[in-house]
Structure formats: structure tokens, C-alpha cells
Amino acid sequence: MSKNGSRWLPALGKHAALILLMAIWIVPVLSLLISSFRPAYDITNSGWWTAILPPYQFTLDNYESVMTRNGIGRNFLNSAAITIPVTLITVAVAAVAGYVFGRWKFAAREWLFVIVLALLSVPLQMTLVPVLQMFSNLGIVGTFPAVWIAHVGYALPFSIYLLRNFFANVPEELFESAAIDGASEMQLFLRIAVPLAGPALAAVAVFQFMFVWNDLLVSLIYLGGSPDVAPLTVAVSNLVNSRGEGWEVLTAAAFILMSVPIIVFFSLQRFFVRGMLAGAIK
């Protein structure tokens, strides 16, 4: 075998593996998308792959049914009302805390950071009952503030850890030169640290947005199943329980649920990858 052929083999293997992984991921998504536009009779009597061959029989009735008769439109807005504030609050708080841990020198800083890291090992399920009791005493169970506080609390340890590593690796000379020019600590944070941390902040935002949007457990515990506040995940789970045979409705609802995280991820993909690697190496 020639040297050129031996060089191509590793590359060919990598590309084949990537194509295989892409197919494993995209085939279920494609099948769900196609099924969401098919009539109920076709879904129950033929495979989704038959829809790509003529005669084509696609319909928008499934989405109309989901958004109007099943009230998913309100649940979609509820998901947005939960996810967007939680993402913004998490990014803001984690940015400040990460900057403090990464740049400031104060007593017990390392111990406090160890406590933050230790919180990463606490299973979310262990906190559900005590936090629910606390929220019940405060009278906020079944309201958006309850799930906002819960999601922000669960996300902060990892978010602070990620941003702390980024800020700790920013060259000190940048801050020293700005301080010599008379910049205050707030200006150092807003005009130097935050712009430099754009990829890391975007990674935290994408990670948190996708987790909160796809969450079922936390919303179900702290909000319940009331349609006035229930997010899209709770509504889709109720459809599964109440309409186990209505596959055309379930596929449309499921694709609406997953389409938003997909759009957000691919829109910010390059920032997400850069941000996750931020602080890993100097």
C-alpha cells in the first residue's frame, strides 16, 4: 500500500464514523418531522419512509390540532416565560460570581469555591422535597418564581465553575493596564471581562436554555399540571397519557418541543464549543 493510501485510511475512518453518528442522530429527528405532517391513517398503517415516495399526502392539521384544540400554544408561551428569565438570571449571577472567584483575592475564597464544586455532586432529586416544603411555606408553589429560583439554584454551581475557569485565565495585564488608566472595578468587569467572556457566557446560556426548555421533573414538582403555568414538556407528557393512540398529535407536539432547542443550539454552536473549551488550556 502506498504512503498516500496509508494517510487516507485514518481520515476515511474518521469521516465514516462522523457520518454514522450523524445518521444515528438525524434519522429519528427526520422520522419525527415527516410523521408530524402525515394523516393519522397513514401513520398507523405504513412506515414514515413511505411518505417520501409519491403520491405525497402531507397535512398541517396535526399542528393546527396541537396549537388550538389541545392548547399547546399557551404551554409554548409558558415554556418561554420560564426558560428566558432563568437563562438570563443564571448568566448574570454566574458571571459576577465567576469573576469574583477568578479575579479577586479574599479570605476563604478557595474554601467557598470548594463548596460550590461540592454542590455539583448533590443529586437534584435529593433537594425536591425540602425545597418544595420551603416554597410551600413561602406560598409560591405553582407560580413561575418557584421554578425560576429552583432552576437558577440548580444551574449556578456548574455555571460558576465554567466562568471562574475562564476569568482566571484572562491575562492579568489587561486588568492592570485598565486600572492604571483609572477604570473602576465595575468598568473592569463590564468593559473588559464580559466582552472577553462572550463565548463562555454563550455556552452557559445555551446549556441552561436547553436544560430548562426540556425539563419535565422540576416543572412538574414546583408548578404542577395547571394549564395556566404548565410548560410544553408537561403538556406533551399529558398528551402521551391521555392520547396514547393519537400518534399524529404526539409527533407534532414533540417536534414543536424539540425544534426550539435545536434552533438555539445551531445558532450559537460556534460560541458553545469555544465557551466549553474556555479555560481548559492557557
Side-chain angles (χ1 to χ4, degrees), residues 28-29 32 36 63 65-94 119-160 203-244 246 249-265 267-268 272:
V29 177
L32 182 66
S36 67
Y63 286 94
S65 175
V66 166
M67 298 299 292
T68 57
R69 292 193 292 272
N70 291 282
I72 295 294
R74 171 182 290 182
N75 301 120
F76 185 93
L77 296 177
N78 290 341
S79 288
I82 294 170
T83 306
I84 294 175
V86 167
T87 302
L88 295 177
I89 295 171
T90 301
V91 170
V93 175
L119 292 175
L120 289 171
S121 63
V122 178
L124 182 152
Q125 292 80 3
M126 290 182 59
T127 68
L128 295 178
V129 173
V131 173
L132 182 62
Q133 291 177 340
M134 180 182 67
F135 287 168
S136 179
N137 294 334
L138 295 174
I140 60 174
V141 174
T143 64
F144 287 144
V147 76
W148 291 344
I149 296 171
H151 274 304
V152 171
Y154 295 142
L156 279 179
F158 174 76
S159 302
I160 292 173
V204 172
V206 171
F207 198 86
Q208 180 70 338
F209 186 96
M210 295 179 67
F211 176 81
V212 177
W213 184 272
N214 294 321
D215 168 72
L216 172 63
L217 178 62
V218 175
S219 297
L220 196 59
I221 294 297
Y222 300 128
L223 289 179
S226 173
D228 294 333
V229 293
L232 199 53
T233 50
V234 175
V236 172
S237 68
N238 291 335
L239 283 177
V240 173
N241 295 331
S242 62
R243 301 194 59 169
V249 176
L250 294 178
T251 54
F255 191 79
I256 292 173
L257 175 62
M258 68 182 298
S259 61
V260 174
I262 290 176
I263 293 172
V264 171
F265 177 78
S267 299
L268 301 175
F272 180 78

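Closest approach of N75 to A230, counting heavy atoms only: ND2-O, 2.9 Å. Taking both residues in full, the closest heavy atoms of I72 and A235 are given as CD1-CB, 3.7 Å, listed atom of the first, atom of the second, then distance. Closest approach of P85 to A80, counting heavy atoms only: CD-O, 3.7 Å. Of all the heavy atoms in Y63 and S36, the pair that sits closest is OH-OG, 2.6 Å. Of all the heavy atoms in W148 and A81, the pair that sits closest is NE1-O, 3.1 Å.
At a threshold of 4.5 Å between non-hydrogen side-chain atoms, the residues Y222 and L128 count as touching. Between V218 and V147 the shortest side-chain heavy-atom distance falls below 4.5 Å. At least one side-chain heavy atom of V212 sits under 4.5 Å from a side-chain heavy atom of I82. Using a 4.5 Å heavy-atom cutoff, the side chains of Q208 and T83 are not in contact.
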### Test log, rule side chain to side chain contact (heavy atoms under 4.5 Å, CB included), inputs V229 and T143
CA-CA 7 Å; V229 293; T143 64; over 6 Å; no
### Steps toward side chain to side chain contact (heavy atoms under 4.5 Å, CB included) verdict (M258, N214)
CA-CA 8 Å; M258 68 182 298; N214 294 321; 5.8 Å; no
### Query
For V234 and N78, what are the C-alpha separation, side-chain angles and deciding distance, and is it a side chain to side chain contact (heavy atoms under 4.5 Å, CB included)?
CA-CA 11 Å; V234 175; N78 290 341; over 6 Å; no
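Screening residues 121-143 for salt bridge (Lys or Arg N to Asp or Glu O under 4.0 Å) gives no qualifying pairs among residues at least two apart or on separate chains.
From T87, atom OG1 reaches atom CZ of F211 across 11.5 Å, with rounding to the nearest 0.5 Å. Distance check: M210 CE to I262 CD1 gives 8.0 Å after rounding to the nearest 0.5 Å. Taking OG1 of T90 as the reference point, atom OH of Y154 lies at 13.0 Å (rounded to 0.5 Å). Once rounded to the nearest 0.5 Å, the distance linking NE2 of H151 with CD1 of I89 reads 12.0 Å. To the nearest 0.5 Å, atom OG of residue S237 and atom CG of residue L220 are 6.5 Å apart.
The side chain to side chain contact (heavy atoms under 4.5 Å, CB included) test with V141 is passed by exactly one of L223, L132, I221: L132.
For the pair T127 (side chain) and L124 (backbone), a donor-acceptor distance under 3.5 Å is present.
F76 meets the side-chain contact (heavy atoms from CB on, under 4.5 Å) test with W213, L232, I256, V260; sequence neighbours excluded.
Ring centers of F158 and F207: under 6.0 Å apart, within the cut-off.
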